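Quick notes on the structure that follows.
Position 1 is the first residue of the sequence; numbering continues from there. From a predicted model like this one, the values you see are computed outputs, not experimental measurements. Both ligands and their constituent atoms are indexed starting at 1 by order of listing.
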Amino acid sequence: MENLDSTINPVVPMLSIVLSVYNEADGIADCHREISSVMSSLNCTYEMIFVNDGSSDGTERILREIAAQDSLVRVINFSRNFGHEAAMLAGIDYSRGEAVICMDADLQHPPAKIPAMLESWRAGAEVVNMVRADRLDANAIQKANSRIFYRLINSISNVRLAENASDYFLISRRVADILKSDFRERTRFLRGIIQIVGFNKTTLEYVASERAAGKSKYSFFKLLRLSFTAISSFSKVPLQLGIIAGIIFGLISIVLIIYSLIMWVHDTPVSGYTTLVVFMSAFASIQMFVIGIIGQYIGYIFDEIKGRPIYIVKEVWG
Ligand code: UDP
Ligand code: MG
């Protein structure tokens, strides 16, 4: 049915490839070349959408040249940097293909896997999750962090996210339209969202290679923030930490109160200095921590209420 539509209307490509690009001047031409060469071996109409997320190096100029030479390329130029998630969403919004593939523009997501992804889509999958079987760009600590993150989010939310899921995935037009109309949250974790929309899903494995050029835009703290964003958009358990801490401290208080009263009745003054210090410090820090978490969630509500745009497009070429 989907393939039939694209033969009736040749303007609609079968596949849209969305690439988010931020300061990738050194590698972007290679990326375009490699994807084009994979696609030329396939019997498939396509468009390549580069979303330039406010790059400050020569990326914009190079993309302009690529778009001028290759009629299958479109460039969405943001007015400033809005972040990777916003760039992917913009690409999905502007895509027209019957299927949409999102991938990074640093060749860490091997274009050689595109044929297999299309194969799964033709076989009926509406979401093709690409899961990293291994990554050559990360050390043992980074891999462990990623594992801890997925364990944590799966244990405290009522969704099951595939471990090592990535921002390399294929979605059908139907899923792309759902993201476009119904998932406009300001706090997003797209690779999680595509796993909860339902429909037929499959998972394929790939090995993430080293970056072809340039360096990663995600520092440890940016990743930490992304992790909290992901957890808060899929779970309310952090908000319940206050209740759990309250119950534990309540139980300890009961013991302390009974002990103190007994000592008072027997007229034996206790030197409770240590108890007081331990109790007060632990209580104060847990309280601050819980207030901080509530603050984060309020921040997300605040962003949502303001309803500012997720991204602003400066111009579109191609
Ligand atoms: N990216 C983006 N906006 C940003 C940061 C990154 O569009 O603010 C793009 C970047 O150009 C790359 C992809 O998102 O194509 C993934 O970023 P990166 O390779 O730095 O992340 P890593 O692979 O190290 O997790
Ligand atoms: Mg990368």
Side-chain angles (χ1 to χ4, degrees), residues 16-35 48-63 66 73-95 100-111 113-114 130-139 141-150 163-169 186-192 194 206-230 309-314:
S16 298
I17 301 171
V18 170
L19 298 122
S20 35
V21 193
Y22 178 54
N23 289 351
E24 304 282 2
D26 295 334
I28 197 70
D30 281 342
C31 174
H32 167 251
R33 201 170 310 124
E34 195 156 320
I35 294 173
M48 231 189 274
I49 301 177
F50 288 94
V51 183
N52 178 25
D53 186 12
S55 299
S56 52
D57 61 355
T59 303
E60 186 176 323
R61 181 181 48 78
I62 299 169
L63 283 179
I66 293 174
V73 166
R74 279 204 294 160
V75 178
I76 316 290
N77 216 11
F78 278 2
S79 61
R80 63 164 166 86
N81 180 258
F82 281 90
H84 185 193
E85 295 269 326
M88 283 193 286
L89 200 63
I92 292 169
D93 291 348
Y94 277 79
S95 70
V100 182
I101 288 181
C102 279
M103 62 197 290
D104 288 358
D106 55 5
L107 288 177
Q108 285 195 292
H109 293 159
K113 289 283 174 188
I114 293 176
M130 300 301 284
V131 168
R132 276 190 306 244
D134 194 11
R135 46 191 300 197
L136 308 176
D137 67 322
N139 58 34
I141 295 174
Q142 287 166 317
K143 286 181 194 174
N145 284 346
S146 152
R147 219 168 16 247
I148 291 170
F149 164 72
Y150 280 106
E163 251 183 64
N164 296 322
S166 64
D167 293 317
Y168 190 17
F169 54 78
R186 267 74 197 166
T187 309
R188 260 157 300 108
F189 188 56
L190 217 48
R191 72 178 91 154
I194 59 153
Y206 74 98
V207 176
S209 43
E210 300 255 17
R211 255 178 168 273
K215 54 181 196 297
S216 174
K217 274 79 195 176
Y218 280 98
S219 63
F220 176 73
F221 287 104
K222 253 180 133 180
L223 275 178
L224 204 61
R225 195 162 53 196
L226 179 68
S227 305
F228 193 79
T229 298
I310 295 169
Y311 56 82
I312 299 172
V313 173
K314 188 163 71 178

Check ligand 1 against [X] and write out every atom of the ligand that is under 4.0 Å from a heavy-atom position of the residue.
X	value
D53	2 (C), 3 (N), 4 (C), 7 (O), 8 (O)
D106	19 (O), 23 (O)
A105	15 (O)
D104	13 (C), 15 (O), 16 (C), 23 (O)
S20	7 (O), 9 (C), 10 (C), 11 (O), 12 (C), 14 (O), 15 (O)
E24	10 (C), 11 (O), 12 (C), 15 (O)
V21	7 (O), 11 (O)

Which heavy-atom pair separates [X] from [Y] by the least distance, and what is that distance?
X	Y	answer
P110	Y168	O-OH, 2.7 Å
S55	V21	OG-O, 3.6 Å
I28	I62	CG2-CG2, 3.6 Å

Checklist line | ligand 1 contact by R211, heavy-atom criterion under 4.0 angstrom | finding: yes
Backbone of [Y] reached by a side-chain donor or acceptor of [X] within 3.5 Å:
X	Y	answer
T59	A25	yes
D134	V207	no
R211	D106	no
S166	M130	yes
Q108	S209	yes

Notebook entry, point to check: Is the Mg ion (ligand 2) less than 2.8 Å from an N/O/S atom of Y218, whether that atom is in the backbone or a side chain?
Noted result: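 No - counting backbone and side chain alike, Y218 has no N, O or S atom under 2.8 Å.
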Next item on the list: Please state whether the separation between the Mg ion (ligand 2) and some N/O/S atom of D104 is under 2.8 Å?
Entry: no
Among protein heavy atoms, which lies nearest [atom], and at what distance?
atom	result
atom 21 (O) of ligand 1	Y218 CD1, 3.2 Å
atom 24 (O) of ligand 1	S216 OG, 2.5 Å
atom 2 (C) of ligand 1	Y22 CB, 3.4 Å
atom 23 (O) of ligand 1	Q108 OE1, 2.7 Å
atom 20 (O) of ligand 1	K217 N, 2.5 Å

Checklist line | Positive for side-chain contact (heavy atoms from CB on, under 4.5 Å) with N52, one of E24, K314, E60 | finding: E60
Note to self: Checking ring pair (Phe, Tyr, Trp, His ring centres under 6.0 Å) between F78 and each of Y94, F50, Y311, which is the one that passes?
What the structure shows: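 Among Y94, F50, Y311, the one that satisfies the ring pair (Phe, Tyr, Trp, His ring centres under 6.0 Å) with F78 is Y311.
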Notebook entry, point to check: What's the atom name of the N, O or S in D106 nearest to the Mg ion (ligand 2)?
Noted result: OD2
Check: Taking N or O atoms only and a 3.5 Å limit, does A87 qualify as a polar contact for ligand 1?
Finding: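 For ligand 1, there is no N or O atom that lies under 3.5 Å from one belonging to A87.
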Margin query: Quick check: H84 with Y22 (ring centres under 6.0 Å apart)?
Written below: no
Check: If you measure from each non-hydrogen atom of N81 to ligand 1, which part falls under 4.0 Å: side chain, backbone, both or neither?
Finding: side chain
